[in-house]
Amino acid sequence: MTNKKTLILGIGNNILTDDGIGPRLVSDLIKLISDSKVLYNTACCGGLEIVEYIKDYDRVIFIDAIRTQEGRPGDVHYFKPSDFRETSHLSSLHDVSFITALKLGHTLNLGLPNDLHIIAVEIIEDMEFSEELTLQLKERYPEILEKVLEIVRSIIV
C-alpha cells in the first residue's frame with residue numbers, strides 16, 4: 001500500500017433498485033479490504049455536492065451505476081475523468097456536471113484529489129422503489145463484486 005489516503009465512495013440510492021449497487025458494493029468492500037489509509041463512504045448526490053465528499057483525500061475511487069447502449073446488466077466499467085462517460089449520479093440536470101464540479105474545485109483550491117477513478121456497473125432499473133437488485137444483477141453480484149475488488153486492489157497497491 002502507498003501512503004495515499006484513499007476514499008472509496010459508493011454513489012447511489014439504496015431504495016431505487018439497481019441504483020443502490022454503488023453503496024452495496026462499498027458495504028462489501030469494507031469487509032474485504034482492511035487498511036487504515038482506505039476510508040469508505042456513500043452518497044446519493046452528484047455535481048457540486050460531491051466536492052464536499054472528496055476534498056482533502058489523495059485519491060478517490062467512485063463506484064456508481066451506469067447505462068450504456070452496448071452494455072449488459074452487471075458489466076463492470078473502469079475509467080478516469082479524462083475518458084469520462086456520464087453516470088447516474090455523477091451529474092444532474094439540476095446541478096453542474098461532475099467534470100465541471102471538479103474543475104471548479106481545483107480552480108478554487110478546495111483540496112480536491114487529482115487521482116480519481118470511476119468504477120461503474122451496468123444496471124437495468126433505477127426508477128422503481130425497492131431495496132433489492134433486479135434478478136439479473138442479483139445473480140451476477142458475486143462476479144461483479146469480484147471484478148470491482150480486483151480493480152480497487154490494482155488501484156490502491
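Start at 1 with the first residue, then count along the sequence.
Taking the side chain as every heavy atom from C-beta outward, Glu146 and Glu143 never approach each other to under 4.5 Å. The shortest distance between side-chain heavy atoms of Val38 and Ile156 falls below 4.5 Å. No side-chain heavy atom of Asp58 sits less than 4.5 Å from a side-chain heavy atom of Pro113. His77 places a side-chain heavy atom less than 4.5 Å from the side chain of Ile66. Looking at heavy atoms from C-beta onward, Arg24 lies in side-chain contact with Leu133 at the 4.5 angstrom threshold.
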Run the salt bridge (Lys or Arg N to Asp or Glu O under 4.0 Å) test on Asp126 and Arg67 for me, step by step, so that the C-alpha distance in whole Å, both residues' side-chain angles and the decisive distance to 0.1 Å come before the verdict.
CA-CA 10 Å; Asp126 63 352; Arg67 284 196 212 172; 2.4 Å; yes
So Arg140 and Asp75, salt bridge (Lys or Arg N to Asp or Glu O under 4.0 Å) or not? Walk me through it.
CA-CA 9 Å; Arg140 289 194 68 194; Asp75 285 353; 3.4 Å; yes
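Among Asp64, Val121, Ile8, Val76, the single residue meeting the side chain to side chain contact (heavy atoms under 4.5 Å, CB included) criterion with Leu25 is Val121. In summary, of the residues considered (Ile50, Leu39, Ile63, Val26), a side chain to side chain contact (heavy atoms under 4.5 Å, CB included) with Leu9 occurs for Ile50 alone. The side chain to side chain contact (heavy atoms under 4.5 Å, CB included) with His117 is formed by just one residue from the set Val60, Ile61, Ile151; it is Ile61.
Using a 4.0 Å cut-off between a side-chain N of Lys or Arg and a carboxylate O of Asp or Glu, Glu132 and Lys138 qualify as a salt bridge.
The stretch residues 126-157 participates, sequence neighbours left out, in no ring pair (Phe, Tyr, Trp, His ring centres under 6.0 Å) pair at all.
Here Leu29 contributes atom CG and Tyr40 contributes atom OH; the two are 6.0 Å apart, rounded to the nearest 0.5 Å.
A donor-acceptor pair is defined here as one N or O able to donate and one able to accept, closer than 3.5 Å; no such pair exists between the side chain of Asn13 and the backbone of Cys44. Checking side-chain atoms of Glu125 against main-chain N and O of Met127 turns up a donor-acceptor pair under 3.5 Å. Between the side chain of Asp18 and the backbone N or O of Thr134, at least one donor-acceptor pair lies under 3.5 Å. Between the Glu49 side chain and the Glu52 main chain, no donor and acceptor come within less than 3.5 Å of each other. When atom types are taken as modelled, the side chain of Thr17 and the backbone of Glu128 share a donor-acceptor pair closer than 3.5 angstrom.
The minimum heavy-atom distance linking Asn14 with Pro23 is given by the pair OD1-CB, 3.3 Å.
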